[in-house]
Amino acid sequence: MVNKIKILIIEFEDSFSKSIVNALKESAYQPEITYCANLQCAKENFTGTTFDLVILDLDLPSDENEPITNIFIDYPTLPIIILVEDVNAPIAQRSLKLGASDFIQKNKDSIASIRQTLEHTYLRLTTKAELLNLEGKFRAVFENIEVGIALVDLNGYPIEINSFLESYLGYPLDELSKMSFPEFTYPDDIEKDVDLFKKLLNKEIKNYEIDKRYIRKNGDIVWASLNVSLLRDYKDEAIYLISIVRDITTEMETRRKLNEETMLMDALMEQIPDAIYFKDRESRFIRINKSLLDKHGFKDLSDVIGKSDFDLFDTEHAEKAYSDEKEIILSRKPKEGIIEKEVFNDGTVEWAHTTKCPLIDKEGNVLGTFGISRNITHRINTEEALKENEARFRSLYQNLTIGIYRANIDGKIIFANPAVVTMLGYNKIDEFLDLDINKHGYVDKSFRQQFINKIIEDKEIVGFENQWQKPNGELIYLRESARLSTDETGNPLYYEGTVEDITEKKKAEEQIKKYNEELKSLNASKDKFFSIIAHDLRSPFTALLGYSDIIKNDFDEMNSDEIKEYSGYIYNEAKNVYSLLDNLLTWSRIQTGRLEYNPEKIDIGKMIRRVIELYSESMKTKNISLSSEISENIFVYVDENMIYTTIRNLLSNALKFTNEGGKIKIIGAALEGVFVIGVKDNGVGMNEESINKLFRVDVHHTTMGTGKEKGTGLGLLLCKDLVEKNGGKIWVDSELGVGTTFWFSSPINEEN
């Protein structure tokens, strides 16, 4: 409600002033009027009084020291209407410039203009009252609203802010007034805000709204929705900004979480290889992921949305899926781990592992169903193939003749196929599984340790052979191959392998080896036999023919001594040839298995005497003494002819390699059931290399005797065979330049 209007009239002419007063009093507004005829009166009324309107006559008499226009300077806020005779008068124009609100020209229309001015004043005062009332309300809202409001100059400094914004930013107004908004704006958000402000100044936009961050005084970062408007004056020039700041920190956090969840959901729907779908209560698709889209060969979601399984699969699968989803909607319970056979409309068959759940909103309403399905066609096909392979493997495992097993390093059998159990001599698998193979089975326990050491070191073993003893005592040969399994730290867990019985193979190998040795010996014997025939037997006949030819051609010119001399040569060569032939025939009978073995108890001393008598003439020729320390009545159990031949050959050999004037002695002694005989000479002797070539049929080794006697190397081979035929052994001790002793043993009785 507006109070009475207070008007001050300053008019020199009394009649005109009265007409003005009367005109104003007659108005409906009934103003309160004060009249002054001079400026001094007016000034006195100005003091302590507030007028709503001043009507001033510019033609008042005035003091030269104080022009009437000073009133505009002294009272700039007073609403003053000037009365003038001429609106173009300099004083009128100057008054308007100094602050006069308007002018009224003195004429017949002056009273009407004054009344109109009164009406305008009333309207102005009414509007002002209303504005004051609105300002109070606005101030209440400004201070209490949960939104930040700021009046900001064009440099970004706050002119006025409400309490919410002070609290929101954490700065008091006196501090904020000294800070521009960029100073507490998050650095990354300044550029965008400034760009929009420039567009606002350039009238490219009327206002703008952005989400931005502020840095509070305590360093916290808060989010705000900023709405900025630009106020302009009557000349359309920018005056200041009005900024409305709404706190959206919680909203942004919610938005962030929502965006994050949306991103995760989108990533799930786009990238997971499993098919994901959402359906309404009628089992129509409302959303599917990329995998399901690709699965059915569609390019866009619109190709699937609104369709059902009846559009994608055969009737049988579609009806089963529809039935499941109806049950889920009614029960509000999921179906987990369903294995579904999916038959597409083109006949393609796939298998899926599916989990279906009810789609329930926050109010508990069932909107439909959703599910996730994984293509397990490859797994199903693989499982089927594995089942077939497992059946084949089990049949193979049960019927394989090669043993298959698993065991640990401690000797415990974990499993074994029937072939292993039977092979190793057990009737039941349980008996075999209770076996500790570290303690039982291996004939030589060191082989078991070798096996363990090698498989731990090399992680596998191939073709390991050992001998095994069955529970019944039977010995067999085995060949094993195995591979070690370890844990992630390399510690042994168990080893798996195969085992096969190679007993028959071993026997065959031994037999072949024996046959090879026999064949090798036979070949060597053959070569030896042919060598003797081709060389050693030919030479003496050449000598015989030569001596005989001399006697035949020169007999008439030869005297009896010469004939006797050549006859002696012929006799000696014939005797050597006979001895060689005898040895050759005896040796050949041994090699062909035709030499009969007839052992009996004989007096070895008497036999040696006979042999010595045989070589008495030869000893005399080389002036060699021959003696025996073996007396008669010493009996051995041998084949007499074989041992006789042996002693004869050893004496012949000793005679050959003993120098003239040398000694040959036959010695002997009884030792543990055998009688050992030695033929000892002090002849040339032998080195180690020559000794190693003796008694070998595959080496042709002969040495010229001290009397240029030739040898064949057959005699010692014959001695070895004859001694071994009688159950004895033959060996030699010799030193180069000192002499040689050939030893052989003969059993004393039949038991030995």
Side-chain angles (χ1 to χ4, degrees), residues 254-255 257-394:
T254 302
R255 192 187 304 176
K257 291 180 179 179
L258 181 61
N259 289 339
E260 186 177 273
E261 290 176 1
T262 302
M263 182 273 292
L264 293 175
M265 183 64 177
D266 290 343
L268 175 70
M269 296 293 282
E270 285 297 315
Q271 299 177 31
I272 191 170
D274 296 337
I276 300 176
Y277 61 85
F278 296 84
K279 295 182 179 179
D280 61 18
R281 293 180 63 90
E282 298 304 319
S283 293
R284 294 172 298 210
F285 292 104
I286 56 178
R287 184 176 180 183
I288 67 172
N289 71 334
K290 184 177 183 299
S291 177
L292 187 56
L293 194 70
D294 295 340
K295 176 179 179 178
H296 292 282
F298 295 115
K299 295 182 179 180
D300 192 83
L301 288 175
S302 60
D303 297 332
V304 184
I305 302 306
K307 288 183 169 60
S308 70
D309 286 338
F310 288 95
D311 299 305
L312 307 178
F313 301 102
D314 74 337
T315 304
E316 181 180 355
H317 172 68
E319 288 180 347
K320 179 65 171 61
Y322 183 79
S323 175
D324 286 344
E325 288 154 6
K326 285 299 181 184
E327 182 181 342
I328 291 169
I329 291 172
L330 291 174
S331 67
R332 305 168 72 95
K333 294 180 179 179
K335 282 182 173 288
E336 302 179 37
I338 306 170
I339 304 298
E340 296 182 305
K341 181 180 180 181
E342 300 177 333
V343 181
F344 291 71
N345 288 329
D346 63 358
T348 302
V349 177
E350 290 186 357
W351 290 87
H353 181 278
T354 305
T355 294
K356 302 178 180 180
C357 302
L359 183 60
I360 303 175
D361 64 14
K362 292 182 179 180
E363 286 72 36
N365 301 312
V366 180
L367 304 180
T369 60
F370 69 95
I372 181 168
S373 178
R374 173 168 294 180
N375 189 332
I376 59 170
T377 306
H378 178 71
R379 193 189 86 186
I380 294 295
N381 293 338
T382 302
E383 287 175 354
E384 290 297 324
L386 284 175
K387 288 179 182 178
E388 295 179 7
N389 291 335
E390 182 181 358
R392 295 193 191 100
F393 174 76
R394 187 167 296 280

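Every residue two or more places apart in sequence or in another chain was checked for a salt bridge (Lys or Arg N to Asp or Glu O under 4.0 Å) with D303, and none qualifies. Shown here are the side-chain contact (heavy atoms from CB on, under 4.5 Å) partners of D266, two or more places apart in sequence or in another chain: T262, R287. The side-chain contact (heavy atoms from CB on, under 4.5 Å) check on E327 picks up K335, with sequence neighbours excluded. Every side chain to side chain donor-acceptor pair (under 3.5 Å) that S283 has, sequence neighbours left out, goes to E325. Scanning for side chain to side chain donor-acceptor pair (under 3.5 Å) contacts around R332 gives an empty result, with sequence neighbours left out. Here D294 pairs with K290 under the salt bridge (Lys or Arg N to Asp or Glu O under 4.0 Å) rule; sequence neighbours left out. With sequence neighbours excluded, no residue satisfies salt bridge (Lys or Arg N to Asp or Glu O under 4.0 Å) with E350. Partners of F370 by side-chain contact (heavy atoms from CB on, under 4.5 Å), not counting sequence neighbours, listed by chain and number: F278, C357, L359. Scanning for side chain to side chain donor-acceptor pair (under 3.5 Å) contacts around K307 gives an empty result, with sequence neighbours left out. Qualifying side-chain contact (heavy atoms from CB on, under 4.5 Å) partners for L330, counting only residues two or more places apart in sequence or in other chains: none. Checked against salt bridge (Lys or Arg N to Asp or Glu O under 4.0 Å), K320 has the following partners two or more places apart in sequence or in another chain: D324.
The CG atom of D309 sits 11.5 Å away from atom OG1 of T315, with the distance rounded to the nearest 0.5 Å. Remark: T369 OG1 to R281 CZ distance equals 10.0 Å, nearest 0.5 Å. We find the NZ-CD1 distance between K279 and I305 to be 11.5 Å, quoted to the nearest 0.5 Å. Here M263 contributes atom CE and E261 contributes atom CD; the two are 10.5 Å apart, rounded to the nearest 0.5 Å. Once rounded to the nearest 0.5 Å, the distance linking CD of E336 with NE2 of H353 reads 9.0 Å. Going from atom CD1 of I380 over to atom CG of L386 covers 11.0 Å, rounded to the nearest 0.5 Å.
Listed by first and then second residue, the ring pair (Phe, Tyr, Trp, His ring centres under 6.0 Å) pairs involving residues 318-352 are H296-F344, F313-F344 (not counting sequence neighbours).
Across all their heavy atoms, H317 and K341 have their closest contact at ND1-O, 3.5 Å. Of all non-hydrogen atoms in F310 and A318, the two that sit nearest each other are CD2-CB, 3.5 Å. The two atoms that bring T377 and V349 nearest to each other are CG2-O, 4.3 Å, heavy atoms only. In terms of heavy atoms, L292 sits closest to I276 at CD2-O, 3.9 Å.
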Steps toward side chain to side chain contact (heavy atoms under 4.5 Å, CB included) verdict (V366, I328): CA-CA 10 Å; V366 180; I328 291 169; over 6 Å; no
Would you sort out whether K387 and E383 count as a salt bridge (Lys or Arg N to Asp or Glu O under 4.0 Å), showing the intermediate values? CA-CA 6 Å; K387 288 179 182 178; E383 287 175 354; 5.7 Å; no
Take R379 and R374 through the test side chain to side chain contact (heavy atoms under 4.5 Å, CB included) and record every step on the way to the result. CA-CA 11 Å; R379 193 189 86 186; R374 173 168 294 180; over 6 Å; no
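Within the 4.5 Å cutoff, the side chain of L312 has heavy atoms near those of the F285 side chain.
In this structure a side-chain-to-backbone donor-acceptor pair under 3.5 Å is missing from N365 to D361. Between the D274 side chain and the S291 main chain, no donor and acceptor come within less than 3.5 Å of each other.
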